[in-house]
Amino acid sequence: MSEQKIQAPKGVSEYVPDRSNSFELVRNALIEPAKRAGYQLIELPIFEDTELFRRGVGESTDVVSKEMYTFEDRGGRSITLRPEGTAGVMRAVIEHGLDRGQLPVKLWYAGQFFRAERPQAGRYRQFYQVGIEAIGLDDPAIDAEVIAIADAGFKSLGLSKYRLEITSLGDLSSRAAHRVELLKFIETLDLDEATAERAKLNPLRLFDDKREEMKKAMLSAPLLMDYLNSESLEHFKMVTKYLDRMEISYVLNPRMVRGLDYYTGTTFEFVHELLGAQSGIGGGGRYDGLMQALGGQALSGIGFGLGIDRVLLAAEAEGIISEDAFVSDLYIIPLGDTAKEFALKIAKDLRSAGKTVEIAFGDRGLKGSMKAADKTGAAYVIVLGESELESGTVELKHMQTGESSSVKIASLQQCL
RNA sequence: GUGGACGUAGCUCAGCUGGUAGAGCACCCGGUUGUGGUCCGGGAUGUCGCGGGUUCGAGCCCCGUCGUUCACCCCA
């Protein structure tokens, strides 16, 4: 009688071999450009005080109002599994006084995030992101560089079927002016109950409605872009100028909507063409009031979050990723117990010299072991038997050509 | 949260109008005793997601449940 199988919780994304190789490749590719731009790792807890997200992300957002994994810990504290990265980073920056040194503070992170949504292709309850934050200066050149870093990650993977959309959400005064006009406009529309409810929470949301009739109705809606004050407009123009200079192509999307309340000014999104409804592979923007809202000084910041799961899906959709990432330099087949002892020792020494070495375990016979060696894709194979142990010499077989040569065990390292 | 589709060996799937399960790939063993990828032969494998119900009898019908998937919503 076997026990009932336990399944993974609903909607989590898991990566097991061989696909995990692709996952690792994607994650590292997305991190690398940030490191090269001088960003440093910040490793943070996966759960935080619930209040952090209420204040940081915004009470009115869907993320906070209905998608958080919140629970009480044993001390009666309200804890929430992080639904996004920026709020936690800001909390840590303030708590550790990182903003007291030279600005901007430049940080990167990678890890899993949690949102209790209905799962769908590219949308999971536990998902992975790589993100960066540049805090403390509102130089538009930083905005451009942040965008360039994200773009470089996608490009290094070979992605091409995506586009960068950017806009500016302006500063608080620009937004307030626009909001008045937008609300006036929305009043003239005949909305169903659910849509009216959404409009109440965030009128900008209506720009994102997928229904044709709504798209049409919103065509004549007042655009935030047209309400930017001179400062905001100037900042945005500089950002696009820098992007042009770096030859990063983008499309202006004055109807872009973001789901987190803290965004101000420069805002962007990377959209992939081959993905389904969940086509955003990354996005981010500037946030002016966030640090202050969390009890820190009034510094601005900008950052992005890139979805590793979705970038992997996109890379697979473009057919630019292969799973066979792991290949050993040498595969050792020991015949007999004494040989096994030597195999372990040889493998250990070669590994500490930087070689990737595998051993055939389980006494399965030479033929089976050769098959196993073949499957791992190892470059070379040696068989360790009595005669080899006596002579201290092995036949080093190159698997692709099938040719082999006699090599002293002591000098294996130089031959791999 | 709302609506639709789906859930059979590790994987991809077949299974006619209900009669207690199959293919391909993968896996293991062997093809004269120490050398792989091809070929040939042999083999193991499933509480047909789970729980109820209808029926003489259910993988096929009904209900529930869990999960997957697609769209909405939202977003990475």
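Any value given below was found using the heavy atoms of this structure, including those in side chains, with hydrogens, waters and symmetry copies removed.
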Should the side chain of Arg118(A) and the base of rC70(B) be counted as holding a donor-acceptor pair, with the cut-off at 3.5 Å? no
Sugar-phosphate, base or nothing in reach of Ala373(A), heavy atoms under 4.0 Å: nothing
Under 3.5 Å donor-acceptor pair, Asp374(A) side-chain atoms to rG37(B) base atoms: no
Phe113(A) on top of rA76(B)'s base, within under 5.5 Å and under 30°? no
Would you indicate what Gly365(A) reaches in the nucleic acid, counting non-hydrogen atoms under 4.0 angstrom: base, sugar-phosphate, or nothing? nothing
Mind checking if Gly11(A) touches a base, just sugar-phosphate, or nothing, with heavy atoms under 4.0 Å? sugar-phosphate
Touch class at under 4.0 angstrom, heavy-atom based, for Arg258(A) against every strand present: sugar-phosphate
Give Asp209(A) one of three labels, base, sugar-phosphate or nothing, depending on what nucleic acid heavy atoms sit under 4.0 Å from its own. sugar-phosphate
Is Leu260(A) touching bases, backbone alone, or none of the nucleic acid, heavy atoms closer than 4.0 Å? sugar-phosphate
With sugar-phosphate meaning primed atoms plus P, OP1 and OP2, does Glu67(A) contact a base, only sugar-phosphate, or nothing at under 4.0 Å between heavy atoms? sugar-phosphate
Would you state whether a donor and an acceptor, one from the side chain of Ser369(A) and one from the base of rG36(B), lie under 3.5 Å apart? no
Tell me whether the side-chain N or O atoms of Arg115(A) pair up with the base of rC74(B) as donor and acceptor below 3.5 Å, since no angle test is needed here. no
Does Lys397(A) get its side chain close enough to the base of rG36(B), under 3.5 Å, for a donor-acceptor pair? yes
Provide the distance between the two P atoms, one in rG49(B) and one in rG36(B), to the nearest whole Å. 42 Å
Distance-only donor-acceptor test (3.5 Å): side chain Gln278(A), base rA71(B): no
Less than 3.5 Å between a donor and an acceptor, one on the side chain of Glu388(A) and one on the base of rG34(B), is that the case here? yes
Looking across every strand, which nucleic acid part, if any, lies under 4.0 Å from Phe270(A) by heavy atom: base, sugar-phosphate, or nothing? nothing
Does Glu386(A) reach a base, just sugar-phosphate, or nothing at all? Heavy atoms under 4.0 Å. base
